[in-house]
Structure formats: structure tokens, C-alpha cells
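Everything numeric here is computed off the predicted structure, so don't read it as measured data. What you see below is based on every heavy atom in this structure, not just the backbone, and it leaves out hydrogens, waters and symmetry mates.
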Amino acid sequence: MSLFGTTSGFGAGGTGVFGNATTDSHNPMKDVEVTSPPDDSISCLAFSPPTMPGNFLIGGSWANDVRCWEVQDNGQTVPKAQQMHTGPVLDACWSDDGSKVFTASCDKTAKMWDLNSNQALQIAQHDGPIKSIHWIKAPNYSCIMTGSWDKTLKFWDTRSPNPMMSLQMPERCYCADVVYPMAVVATAERGLIVYQLENQPSEFRRIDSPLKHQHRCVAIFKDKQNKPTGFALGSIEGRVAIHYINPPNPAKDNFTFKCHRSNGTNTTTPQDIYAVNAISFHPVHGTLSTVGSDGRFSFWDKDARTKLKTSEQLDQPITACCFNHNGNIFAYASSYDWSKVGGKVLAPPPKKKRF
Amino acid sequence: MWYSFAWFDLYLVRLPWHCLQTFCWVLPQRGTTALKVKQLEQKDRPQLLQPSCEDITTQQVVLISTMAEGGDMEWELSKENIQPLRRGRAISVLHEALSLQQDGLSSAINQQRQAFESELRMYDGDDPLDVWDRYIKWTEQTFPQGGKESNLATLLERAVTRFTEEKKYHDDPRYVELWIKFAENCPEPLDIFRYMQAQGIGVTQASLYIAWSEEYENQGNCRKADLVYQEGFKKCAEPHDKLLHFHKALQARVSRQVMMNVEEEDSDDEPKQPERVSLAELKHRGKKKAIAPINRTGSAIRSISGGMQSHSAPVLGNASNSRLVVFDENKTQSAGPSEPKLEAWAAPPTSRAKENERNPEKWCGVKVPQKSKFGHTVMAPPPPKPTFQPFVEESDQPPTMTPCKINPAVNTVLSARKPHREETPLKRLQEHHQQQKEAESGKLQEQSTYCKELLLSGATEFCFEELRAERYFKKVTPEVRGQKDQACASTSN
């Protein structure tokens with residue numbers, strides 16, 4: 001199935017909204033909208049690695065599918081392929097050579113999708129929905145790391161139905177990130193565990209959470225020598241913590257900042273605090289982007305500790321974001337994220353933006 | 001039937017041959033005769049010859065058990081650690097729970113708990129108490145030791161506070177049971193019961209009065225225990241027969257106790273070895289005639305036995321010398337039985353005395369006391385007044401205030417430093433009042449835009465995706481069932 005031959009067909013979602021003169025809260029930044037977006041909220045976005053020519057974007061959604069688009073240099077997106085799960089897709093990632101896509105779903109399985117043959121095989125099984133999936137490429141092994149709500153972290157060689165290794169966590173995995181040789185997992189009850197992946201994955205350290213509310217998203221950043229040195233952690237109450245693993249001066253180097261709040265200086269109405277849904281780092285500049293339930297995305301410089309830019313407010317929360325491999329393209333997904341009670345789900349288009 | 005004999009010191013145990021697979025070794029201590037041998041399986045009762053039991057002192061029993069089918073051993077080995085339940089425990093669940101304890105929380109338990117947690121959040125029927133009730137009952141059965149893993153204390157606290165406002169549950173026996181369990185977990189159950197009475201929770205339920213009076217009885221206050229029952233009768237608590245039955249039992253216990261006390265006093269007539277009489281007047285030695293004044297009150301006078309009674313008169317005469325008035329609780333008995341007073345409660349009493357836990361709290365608004373320019377520490381505003389009148393000793397003088405200049409620019413009255421957060425419902429209520437005050441004073445308020453109730457409702461938290469996944473599964477399963485039915489129907493045609 002190389003085209004989206006589902007019952008909804010092509011063009012079910014938004015069409016391109018170039019050159020719209022009126023102010024449009026649906027796409028106020030006038031970014032390019034991706035054609036044929038999924039029918040339900042988007043849970044994750046990922047761009048293809050540099051080993052592959054061109055830019056391919058995959059997005060998993062709550063409509064049980066994961067779709068792949070090719071993003072061309074002129075900004076146009078071409079839908080390429082799609083795969084289905086039997087439950088909502090919660091996370092997706094690429095292998096390092098760009099030939100395979102791994103998807104994790106609420107149906108407690110993870111699948112390996114070979115893009116050349118367009119076949120998907122199940123490679124992992126958990127006792128609960130799998131919340132995060134990452135590809136690990138080490139000098140002496142490569143595997144998939146899956147974190148699940150069954151409180152385990154499992155490592156899978158894709159050829160075998162049994163995990164290579166299974167690590168027990170104190171609580172359910174809420175988000176994770178991997179940059180070899182470091183992996184960070186944020187769990188429920190504000191748990192935070194760092195793993196080291198050299199030789200064999202093992203728990204490195206448990207960290208006291210720098211945040212006081214539930215963890216929502218995490219992303220590892222690298223230092224000037226391109227080695228992972230710390231991570232950014234976002235919570236459900238409009239705050240992001242920057243935490244270094246081995247800083248020279250922890251009290252000064254680690255800090256938190258507020259973001260995704262309304263009503264900056266107005267004191268008469270209460271300030272609304274929104275959840276930070278995703279964080280991603282620019283691969284070249286090291287600046288970070290955060291997207292929140294308030295429908296905005298922002299760019300920050302963590303070294304200068306300044307905010308670089310905030311977008312206009314979209315009409316729906318932004319649920320996922322990512323940069324492409326050279327940092328030229330930033331994709332974000334605007335869709336209902338169930339952070340508020342009630343409301344309806346609208347057809348959500350993932351948008352992309354050029355720098 | 002061939003029996004094997006096992007000789008241990010002085011006794012004999014005849015075990016059926018096929019019973020040897022589940023052995024029970026009893027190693028007696030030196031010098032004692034071992035007595036107890038565990039019953040193995042019901043169908044294979046061993047024949048036991050017991051020697052005389054006079055010199056059984058302590059015994060050390062070492063049980064080595066292979067894995068029996070029924071797992072009877074497990075229960076015996078850990079029965080000290082099992083919290084008793086009023087209705088008893090289902091033995092099969094108990095076995096399962098105990099055998100699983102070694103492995104830590106098994107995934108089946110995890111899944112069951114997760115199912116309960118999501119049911120708590122997804123429930124939209126008329127009777128949310130039912131979910132809480134089942135969840136708590138399951139937790140009690142599955143975690144026999146109680147303890148932190150079970151989250152039982154948290155669950156109970158959440159359950160009772162959640163429905164405090166709902167009048168319809170005030171007389172629901174399940175809800176009252178939850179309160180009673182909660183009270184038993186608290187350091188001061190009597191406070192909880194008084195609060196319940198003040199709020200009108202369970203005042204027509206016999207179980208409240210029974211539990212309350214049991215607590216008084218445990219503390220040795222039989223008089224109050226009886227009064228509680230009187231209160232229950234007055235309020236026509238249901239079921240009436242149960243209340244009557246327990247009251248009679250209490251009266252029987254109390255009268256038995258009184259009889260035993262009287263017997264003890266009578267038995268003092270036996271001539272005892274001469275021994276120093278306690279509470280008696282001290283004999284003086286030497287030439288000086290100074291006698292330490294002894295003041296005995298009430299029951300102590302009665303207990304001075306025998307020939308020392310004659311000294312009681314001069315003893316009492318010394319009463320005027322002493323400045324200390326010893327409180328005599330027996331005197332107040334004449335005041336007449338008083339009803340348990342209905343005090344005004346602002347908030348339910350604390351569930352635990354732990355004071356050093358902090359809730360997740362906002363970053364802003366928390367100020368560290370700074371030294372002002374003039375070198376005096378800025379005075380933090382006094383913590384909100386407690387709702388009762390604290391006892392003040394007469395001799396206590398208010399500390400003299402040395403006049404000092406308070407920098408008018410540093411005005412801490414309105415931008416109040418938040419009182420140290422303790423994990424107590426009382427504090428939470430006070431904080432709520434303070435937030436309202438702050439709103440009036442114009443301080444920046446914050447409001448989260450997500451549904452806190454749903455995320456934090458049960459014993460553990462949920463994330464947005466978990467909530468959404470629950471809704472998805474709830475929607476999908478009836479659809480799947482519908483499709484299956486359709487498929488079956490079409491194939492059968």
C-alpha cells in the first residue's frame with residue numbers, strides 16, 4: 001500500500017492554505033500544512049536521519065495509524081505510505097540507516113516497518129501500552145528500547161521475540177530519550193532515571209526531579225563536543241527544567257524556566273498554565289523548542305537563558321514537534337490533546353515550517 | 001497402612017507414610033519437651049502422642065516445609081504480619097497474595113490496580129462510592145500486610161475526603177465503614193469519630209457507635225464507652241439489634257472486670273510475707289521529726305492496706321500544707337454524665353502526624369525571610385489562628401516587645417509568606433482560605449488548565465495519554481464485541 005488508500009481517501013484533511021489574507025487561528029504562522037494528515041490527534045513526529053537523502057517525516061496518531069510523507073525542498077509534502085496498528089500509536093522512531101521505522105502503540109506491541117518493502121513486523125510485546133520507543137546504535141550492539149506503562153524498560157534485538165534485556169522501573173514510563181551512550185526515562189510519580197548504554201544498558205543514576213509536577217516530555221542535549229551532557233524535562237504545569245548530568249556547579253548550572261503560560265503581567269485574571277507537550281533540540285545550534293497545550297511553540301537558548309521567539313497562538317494545542325537532521329525544517333503537530341475535559345476532535349494537520 | 005515413626009526427644013509422632021512428602025520437623029530446645037506439631041493436610045491428620053505439659057516452657061519451632069499443594073505453611077509463617085480484617089480474609093486470596101509477596105508486585109496485581117485506577121476516573125454513573133469501595137476492599141485482600149505498597153492509607157483518606165460534602169452518602173453503611181477504617185489508621189481515632197458526629201456522618205449507623213466505644217474501651221475509658229452507646233440509642237441507630245447486642249457485651253465485660261477487681265481486693269486478706277507497703281507514710285530516722293508531706297487522693301487512699309489505715313487521717317491533714325492541687329478525676333464524676341460535646345470542626349483531623357512532607361507547590365510566592373536594611377529579620381506574619389483555644393498557663397507572660405523600626409517599604413502583610421506546608425487536610429483548607437484572601441489583595445493567581453481531578457484522583461496519578469487510552473479502550477471493546485456478534489450471526493445463517 002503505497003498510497004493512503006483508506007476509506008477516507010486523499011484530501012480528507014486540510015488542503016494547503018498558502019497566501020490566506022485573513023488572520024487564521026488555524027495556521028497563524030502561515031506555515032506549510034502537510035497534506036493528508038491523520039484523522040485523529042498526532043502523538044509523535046520524527047524526521048529521517050541524515051544517512052538518507054531527502055527529508056521524510058513520520059507521524060503516529062490516535063487513529064491507530066502511522067504515516068510517512070516526503071518533504072521536498074520547495075516545502076511541498078507528498079504522502080508516501082502508511083501502516084496500521086490495532087491501537088493508538090504513541091511513539092515512533094527511525095533506525096540509524098533510515099530504512100526502517102519503529103512504532104509503539106497502545107495495543108502493547110511495537111512494530112518494525114520496512115519502508116522499502118512496506119511490510120511491518122511485530123518486534124516487541126509488553127504487558128501494557130508502550131509509551132516510548134528508541135533505536136540504540138552502539139559499537140557492539142544495536143537494539144530497540146521500549147518503555148511501557150507496565151513499569152518495565154525492555155531492549156529488543158529485532159530478530160528475536162524475547163527481549164535482550166528487561167529493566168524494572170519504579171513506575172510507569174511517561175517519556176524517554178536516547179542519545180548514545182545516554183538514555184533518560186521520566187516516569188510517573190516524578191521519577192527520573194538515567195541509563196548508560198555502553199557495553200550493555202544499565203541504570204546509571206536516579207535523579208530527584210527538579211520539577212514539582214508530573215513529567216511530560218524529555219529531550220537530551222549535547223555539548224560542543226557532540227556528547228550528550230544533560231536533558232531538558234517538561235512538566236504538565238508550564239515549566240521546563242534544564243539539568244546537566246555532571247555539571248561543575250550544579251546549583252548554578254541547572255535551572256528551570258516557566259513557559260506556556262498566558263497573561264504575562266495581568267494580575268486581575270488568573271494566569272493559565274498549560275502543559276508542555278514536547279521538547280526538541282536543534283541539531284546544529286543547540287537551541288530548544290517547546291510546544292504546549294496553549295497552542296504555541298517557542299524557541300529558547302538555554303546557554304544564554306533567553307527566549308528567542310514565540311509563535312502566535314493556534315486554535316488547538318500543539319502535541320508534537322521535531323527538527324529535521326540539519327535543522328532547516330521544523331515540524332509541529334496541532335491537534336486536540338485531551339488536556340481539557342470535553343470538546344471534540346477536529347481534523348488535525350501537522351504543519352511544517354522553514355527557517 | 002504403614003506408619004513411620006519419628007522419635008524426637010520424649011514424644012512420638014506417627015505419620016502416615018504418604019504424608020512424608022510434607023514434613024514438619026520440630027526441634028525442641030534442650031530440656032524442654034516439644035509439643036506442637038503442625039497439622040499438614042486435612043485428610044492426613046497425624047496421630048499424636050502428647051506427653052504431659054507441665055514443664056513446657058518455651059519452644060523453638062523450626063519449620064521446613066516443601067511446597068505443599070494447599071500452601072498452608074505460608075499462612076502460618078507470616079501470620080504475624082497479616083493485618084486482621086473485621087470480616088476475615090478469604091483464605092485463597094490470602095495464599096495467593098502471600099506467595100506472590102516474594103516476587104514483588106506481580107504484573108497481574110499491577111494490571112488489576114491499573115484497572116481500578118482507570119475505573120475511578122472513567123466512572124460516570126450514579127454511585128462513585130462503589131468503585132472506591134471495591135478498590136479498597138481489593139487492596140485490603142491483596143496486600144495482607146498493609147503497608148506503603150498498598151497505598152491503603154492514601155486511598156482511604158482520598159475516599160473519605162472526596163465524599164465529605166455529599167449528603168447522600170452520610171448514612172451509607174459502606175461510606176461509614178470507610179471512615180471507620182480511616183479512623184483506625186489515624187493516630188487519634190477519637191478525633192475522627194467526633195468529627196464524624198459533628199458533620200452528621202454515620203450518626204444513624206450502629207457501626208460508628210460500636211467502633212467508637214471499642215476505641216474508648218481500648219483506652220480504658222469504659223464510662224465513655226457506655227455513653228457512646230447511649231448516644232447511639234438516642235439517635236436510633238440501625239441496625240438496632242446489633243447495637244443492643246454489642247452494648248450488652250460491653251456491659252458484660254465491664255461487670256466482669258469489676259468483679260475481678262473486687263475479687264483481687266478480697267484475696268488480699270491472705271497473709272502475705274511482710275513487705276514494704278507502698279504509698280504509706282515514710283518513717284523518719286534520727287532525731288529530726290520532719291516528715292515529708294504525703295498527699296494521697298482518691299483511690300490511692302483506698303489502696304493503703306491493713307494497719308496503715310490509721311495514718312490516713314494525718315495524711316489528709318497535710319493537704320493544706322501543699323500548694324499543689326492534685327487533680328482528682330473521680331471527683332468530677334459527680335458532675336453527671338455529659339454528652340460527648342459537639343465541637344465546631346473546621347476541617348477533618350489530620351490523618352498522620354508526619355509533619356515534614358511537602359506537597360508539590362508553586363514556585364512563586366515562596367519567600368525566604370530576608371534581613372531588612374536595619375538588620376532586623378523581617379517578621380513573617382503569624383500562622384493562621386487554630387480553631388480551638390490553646391491552653392495558656394497563667395504564669396505565662398507575653399514576651400515584651402522591644403520597639404524596633406519596621407521598614408515600611410518591606411511590607412509583608414499582604415504578600416504573605418506561605419506557612420510551611422504540612423501534609424494535612426486542615427492545612428489544605430486553610431490554604432484555600434488564604435488563596436481567597438490573596439485574590440482580593442491582587443496577588444498573581446495561577447490556574448492550571450488541565451483536569452486535576454482526573455489526573456490525581458486515585459491513589460496514583462495518570463497522564464493525559466493514559467486517560468485518553470482508557471477512553472479509547474472503553475469505546476472500542478463494545479464495538480469489537482458488536483462486530484463479533486455480527487460475525488457469529490452471519491456465519492450461523
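- When only modelled atom types and interatomic distance are considered, A/N64 and B/Y472 share a side-chain donor-acceptor pair under 3.5 Å.
- Separating the CZ atom in A/R172 from the CD atom in B/E461 is a distance of 6.5 Å, to the nearest 0.5 Å.
- To the nearest 0.5 Å, atom SG of residue A/C106 and atom CZ of residue B/F473 are 5.0 Å apart.
- Applying the 6.0 Å contact sphere to CD of A/E312 captures no more than 12 heavy atoms from other residues, nucleotides or ligands.
- The CD atom of A/Q214 sits 10.5 Å away from the CZ atom of B/F462 when rounded to the nearest 0.5 Å.
- For A/S235, no part lies under 4.5 angstrom from a heavy atom of chain B.
- Taking CD from B/E465 and CG from A/D91, the interatomic distance works out to 10.0 Å, rounded to the nearest 0.5 Å.
- Only the side chain of B/Q114 has a heavy atom closer than 4.5 Å to any heavy atom of chain A.
- The shortest non-hydrogen separation linking A/Y174 to B/C463 is OH-N, 3.3 Å.
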